[in-house]
S.K.: 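After the structure tokens below, expect a handful of questions from me.
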Amino acid sequence: MTITTETRPGSAAVRNRRQSIQRSLIILVVITVLAAFAPALLPESSQTIAVRVLIFAIMAIGWNLMSGYGGMFSFGHAAFFGIGAYTDVYLLEHFGLSPWISLVVGAMLAALVAICIGYLAFRYKLRSAYFALATFAFAEMLRLLATNTSWVNGTTGFHVPLLPDNSWSMLQFAANAPQYYYIGLALVVICLLITMFYLRSRTGIHTVAVRDNEDAADALGVNVMRVKLTTMALSAAITSVAGMFYAQYFMFVDPDIAFGQAQSVQAIAPAVIGGVATLWGPLVGALILGPLSDLTAGWLRDPPAFLEFLSGRGGLDVVLYSILLIVIALVLPKGIVGSIRDWWKRR
Amino acid sequence: MLELDNIAAGYGKLQILHDMSLRVRPGELVSVVGANGAGKTTTLRVISGLISALSGAVTYEGEPLTGLRPHQIVRRGIVQVSEDRDLFGPMTVEENLVLGAWTRRGVRMTQELERIFELFPILAERRKQAAQSMSGGQQQMLAIGRALMAKPRLLMLDEPSTGLSPKLTWDVLKAVAAIRDTGVSVLLIEQNAAQALSISDRAYVLESGTIALEGPGKELAGDERVKKAYLGL
Amino acid sequence: MSTALEVRDVSKSFRGVQALSEVEIDVAEGSIVGIIGPNGAGKTTFFNVIAGALRPDTGHVKLFGKDVSGMSPHRISRLGMARTFQLMRPFGSMTVRENVVAAALSRGGNHRGAHHHAHDVIEATGMAAWADMVSDSLHTAALKRLELARVLATRPRLLLLDEVLAGLVPAERAPVVELLAHLRESEGLTLVFVEHIMQAVMQLSDSVVVFDRGRVIASGEPAEVVADPTVVEAYLGQELPGA
Amino acid sequence: MTGPTKTGEVVPSKDGTALRGGSRATSRLGLRHSTPLIVTGALLVVLFIAALLRSGSMGITGQALLTGIISGGVYSLLAMGLTLVFGVLDIVNFAHGAFLAVGLYITYEVAHQAGLNPYIALPVAILGLFVLGVLIQLLLLNRTMGGTLERQLLITLGLSLLISNVLLLVFGGDPLSANLKSDPGVHVFGAVANLSRVIALGGALVLAVLVFLLLERTSFGRAIRAVAASRQGAGLVGIDVRLVYAVTFGLGTACAGAAGMLIAPFTTITPTAGDQFNILAFVVVVMGGLGNVMGAVISGLIVGLVEQLGGVAIAGQSPLLGVFILFLLILLIRPQGIFGAASS
Amino acid sequence: GSGGSSGNDKVIKIGTLHPLSGANAGDGTQLENGVKLGIKAINDAGGIKALGGAKLELDGGDTKGTPDTGQSEAQRLVGDGVVALVGTYQSAVSANVAAVAERNKVPFVMDVSGDDAILSHGYKYSFRMQPQNSRFGTTAAQYVKAIAAAANRPVTKVAYLHEATAFGTGVYQAFKAEAQKSGLQMGPEITYDAASVSDLTTQIAQVKASGANVLVVSGYYRDGVLAAKAIQTVKPALDAVVGAADGAFDQPQFPTDAGSASQGYFDVNYHFDDKSADAKAFSALYKTTYKDEARTGAALAYDSVRVIAAALEKAGSTDASKVRDAIAQTNLTPLTLSDGPIKFSDKGENSTSLPVLTQVQNGAPVVVYPQSAAVKSPVYPANPGQ
Ligand SMILES: Nc1ncnc2c1ncn2[C@@H]1O[C@H](COP(=O)(O)OP(=O)(O)OP(=O)(O)O)[C@@H](O)[C@H]1O
Ligand SMILES: Nc1ncnc2c1ncn2[C@@H]1O[C@H](COP(=O)(O)OP(=O)(O)OP(=O)(O)O)[C@@H](O)[C@H]1O
Ligand SMILES: [Mg+2]
Ligand SMILES: [Mg+2]
């Protein structure tokens, strides 16, 4: 018998099946084609939900890039969402600008603000919970500023004026027009493509490296600050697009909607439920969370007989919703996509 | 005293240990040598309850340890110094040591601390320094000191000499032998196989998750295969 | 031969602990310098100062003739210096190959070039069989090699190695030592390494520097230094049986 | 995020202090770092003078000072529990406000159903919420420990929704009250505050001292800090980590329960009454340094003062704006919070 | 749009949008109950006779108090084919729902939602039952002046405390404009953040320092209680505290929650017509059905259903635009105090709605002004908080 001592992998290491970009692209095409049929299949009344799913997805894709892949946990993505939404309604009201132009302006503005926040935060090495709460404070500050600033209408916010006819250039259509859905879908696809290609770029690779070990990346010559700021700016820009689209679809924005804590949660929750730092996680999570509260409300609109004493008292559907949320978080520690991937590897 | 019978264990789908058996008798110093990645640390983790075995049994003084959590195992007198040291980084050296005696309520701390400071004087000098700001080697001393504070009946050491100067390495190994002489059983994992074998009563060679060789320390140190593999550079 | 590294009068203290005091060291290009010293002598701190992770209280560090004191680590790294860490710090979620590619990419150049270079480095460090393993699940020996591969991918001219051999079984050490010697021969790399494994220090170093309590207490030819009674007293202790 | 870095090596930052992943602080008063304190002090003085000039009345400014300290006491009370859970378990507990609401309703039940003085409810609220917290940690959160921030965030957010809507189902949405029979004003240098608010401030201080003593002077407190520093290490010295987690979370919720009871006499009780405090409580926690109980108390007072003085000095803007600006300033000057201890 | 055939067993759906969970669930439930009682009343009386006795049916939506949920629920209800929407309590939500109604051409009757801006966009399909916010400010200034003059105790200076959002600010501005017209002397304007405030002592100290003898307050319920308690503690020398559309001072539970501090508080708000038999019957029915005191908002919701039912009768059709036109011509006596039957202006405002002055007397708010509506006479000076 001989004793082997040389280093060899043996069975004792996880082999990574790298997803090729081609495969991701194919999946994306399949998803898009399937999703394109949705308006034809879904009842008219669920189209708002479908659009909401898409808005959730865009926000979560943005959040996931920075907080999932980049490890910079943001609890203030409402800041970027709000900037996108406010830029849109402000430019529309005061200059009659097309939302498509506002989209670009809003994205740039959000990126700029992200860079400022990031620069301040990273200069002092804020990490994890501290960073999360700093971003949270920024969003809260923007909310308070918007609330108290008269040139953005204070608490009243903005209404998007109704147009008599459908207009592509002004991104306004009849209520429940399928155009909203298709535009939203296109935006989601674009954001996913951006994520895919960014993660394969030099800066994208370094983003993950910095997340895994900042000091090592620094010592290897990665400009940590630049990498972090770039990722943050891109993430903010994507999320601002969701804000613009939200404003156009819901036609109303006020400081709470735009910059409120709930909006930050809506950027996080789909990504967490779907799978943090996975490409498809935010989309899957949005698909589940988007309709969930409507579903629970629907189930309980007429409570079953044994719960009749509760009728007339709101809140039961939220109870059910929150229980589902907790259960999902407990049972699927890595989110749906993450758990499926682990299971796939483990087979 | 401690018996591992046909243990299989691993991480997730990775199985590291296959059908691994090992014994430590009372008052014995047993070392385990093996290549990097052979499963030495994994073995210790199974014993101290940090991971659970897929199959097989761990028995300590006739009682199974299966299903016990780490703190319950420590209460039975099995204490591990882990590879990663697992110190309480922001707490002081002294607090780390005092916590080492967590399972021994009502002992005279000053006396116990003196015992450790005698072995590692630098710890006395730095008793108020945060553990995380100590140098690599100093942290290793602290980790060993903390384990000794528990007055273990079975002490398990995972590469205690890693990062220690040659002088300290020898000091530590001598101390380990001295601990054994006070009646404590010791399970030692060491890269300095030559030195480890020279103080061991018995030793195992672990290879790819199973025991490949077993015998008295001195005897194994003379074994040609072992010499070639572990005593080289 | 020109100097790769010139350290003048460097001191560093942490609230009462004098980790380095008035350290002066010159490293000639293409040479291999071993650093030894008792635990807590300041060796890692010394590396942290040179690599820019810590700012010295006083003194200067010159790298290939350029003053780098106070520069950020990534800028120093781009001047041709690379370091490994005493505790391994892989990019855990990435495979070995991705780790190395990420390092190669930090030096400009295109993706194709980076991949080629990464491939070469992986071959050279004997990591080919590991290339597609997620680095989180590697064992000590593989991680140590990964650290090496990663720094080599940045095409350094000066390498700082902090206890690369610690935790390796003797049989694992030999190939690493060979690799290091080979790097100097073939690429003209300058090496400064901290190590407690004396055989490796003796075998590899052109000269040895001994630290104690933040000071350089001896330096010179390896054989000379280990014979120095102060070094024996502070560091080596009695003759090692079985060594 | 790939989990915490292994204990064992200093992560140096430029000023020589070590910052680890979440930079958990020990609970010592790190008064050595005076810059943020000076900045805060200076800001308070500036605000005081501005308030004085703006209102032109010492009476108003004095009242703002007193009200600031008193409402700051409420913030401290809430932040204490949060900071414990935050510092030790690494959980950003968004259900803290909901636990507070449970405390409110317990007080209401005692005051109304049993017709007793609301303060009788204090032990009931503390005990009840302790048990609730322990159960939640054992049944839900223990399974997620050592994981990432976002998962626990989702669970505590879910819990918060769950608790407030169960309260809504049981008690309905209409506001309730648990007033004292008589709640006279207490006069201090011409300023005045209700007795119940003064009692709340006193309660906050007493509670803070108790929690501080528990952490710093008892061996269980040392165990809590050990678990905060290294979970695996704590297991390896024989500490029952899950038990420590459960008790710590229970202590945190018990603090929320105590806070709920103490503020009940001057609060309108609704299922979402706790939510308004959540945001400020987090600000206070971070300003005080994660896991630092005394820091939380002092930061609570500072936030109360800034809010009140700022409200007088910069009328027209939300008083919270001043609080958030101070918060960001402190984060930027000293990321560990005013009292967050540096390593050694 | 909606439409459909008519038939004997036909049901006509009315959609509601109220906050049944979240911070305003208490009031939302009251409004929802008001709608339920309204539907029951119509059905018990034989349904919509013009449509062959068709029965009304509730299709309920929970806005959770957020505009986007409100909007998606509204969209769902429209998809369900409701003939009209009733809601929503919060102005921000109503603003969103009004836009949905306009785009889908479905009538929307607002029971409670005060913000003037909602109906400033020229919407055709939205109507409002309650007086808009600015009217509270205007009438409050008029009433204050009138009752002070009647008591021979002139107003020297008015201090104004209001929450800082559009609601409080809007009412304040209307008050100020009217005050300037009528020569009332205005003192300091003091604002606070209703979402986060937990103590109003400092603000009341400012009132005290200003030397005003009347304090006008516009806020929500929770902060209203805080203000009352602070006034009792600080004891400024005031003749009266007058709420202008304040969410607390006219509520039946206010005296319970604020205790003796509530005595003598005025509020200008919409209110039940306590003298009308219908209103009394409604209150009694509400109490037996839901074991709770009905608030005026519930009556507004009840009336909203009656407005829609009357419009269906008149239109004799469920066609949305016909129903809309019929609503625009409503002529119906409400349960709330008013200047006559409900009549909608071109903008959709209920032009006969009438804010009245209530005062807490002997632990309950009662209407004290104008005389035509008053049940009791005002006590002035009221010496609040003494
Ligand atoms: N947490 C983990 N997850 C996945 N794989 C692991 C984990 N820890 C260890 N391994 C793998 O298990 C194998 C055995 O590891 P173990 O630590 O037991 O080896 P060892 O004999 O102690 O070696 P050494 O300490 O020299 O690296 C290695 O291949 C290692 O990569
Ligand atoms: N951040 C810090 N705060 C306080 N003291 C520190 C800090 N960092 C290092 N030290 C101290 O400085 C001295 C030098 O540490 P260093 O890590 O450089 O030692 P080393 O020579 O690398 O030792 P080893 O061989 O054990 O790794 C030690 O005494 C250590 O405790
Ligand atoms: Mg090991
Ligand atoms: Mg070192």
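Chain naming here is simple, since letters A, B, ... match the order of the sequence lines and numbering starts at 1 in each.
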S.K.: Mind checking what makes side-chain contact (heavy atoms from CB on, under 4.5 Å) contact with A/Ala242, not counting sequence neighbours?
M.R.: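 Per chain and number, A/Ala242 pairs via side-chain contact (heavy atoms from CB on, under 4.5 Å) with A/Ile55, A/Ile58, A/Met59, A/Phe81.
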S.K.: Please flag which part of A/Ala217 lies under 4.5 Å from any non-hydrogen atom of chain C: side chain, backbone, both or neither.
M.R.: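 Both backbone and side chain of A/Ala217 come within 4.5 Å of chain C.
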S.K.: Any carboxylate oxygen within less than 4.0 angstrom of a Lys/Arg side-chain nitrogen, looking at C/Asp162 and C/Lys43?
M.R.: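 No, C/Asp162 and C/Lys43 are not salt-bridged.
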S.K.: At a 4.5 Å cut-off on heavy atoms, which part of C/Pro156 comes close to chain A: side chain, backbone, both, or neither?
M.R.: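 Contact with chain A is absent: no heavy atom of C/Pro156 under 4.5 Å.
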S.K.: Does a salt bridge link C/Arg157 with C/Glu29, judged by any charged N lying under 4.0 Å from a carboxylate O?
M.R.: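 C/Glu29 and C/Arg157: salt-bridged.
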S.K.: Is the shortest distance from a Lys or Arg side-chain nitrogen in C/Arg150 or C/Glu147 to a carboxylate oxygen in the other one below 4.0 Å?
M.R.: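 Salt bridge present between C/Arg150 and C/Glu147.
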S.K.: Could you tell me which of C/Ala102, C/Ala51, C/Ala82 has the largest number of non-hydrogen atom pairs under 4.5 Å with chain A?
M.R.: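 It is C/Ala102.
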S.K.: Heavy-atom pairs under 4.5 Å with chain A: which of C/Met81, C/His111, C/Arg75 has the most?
M.R.: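 Option with the greatest count: C/His111.
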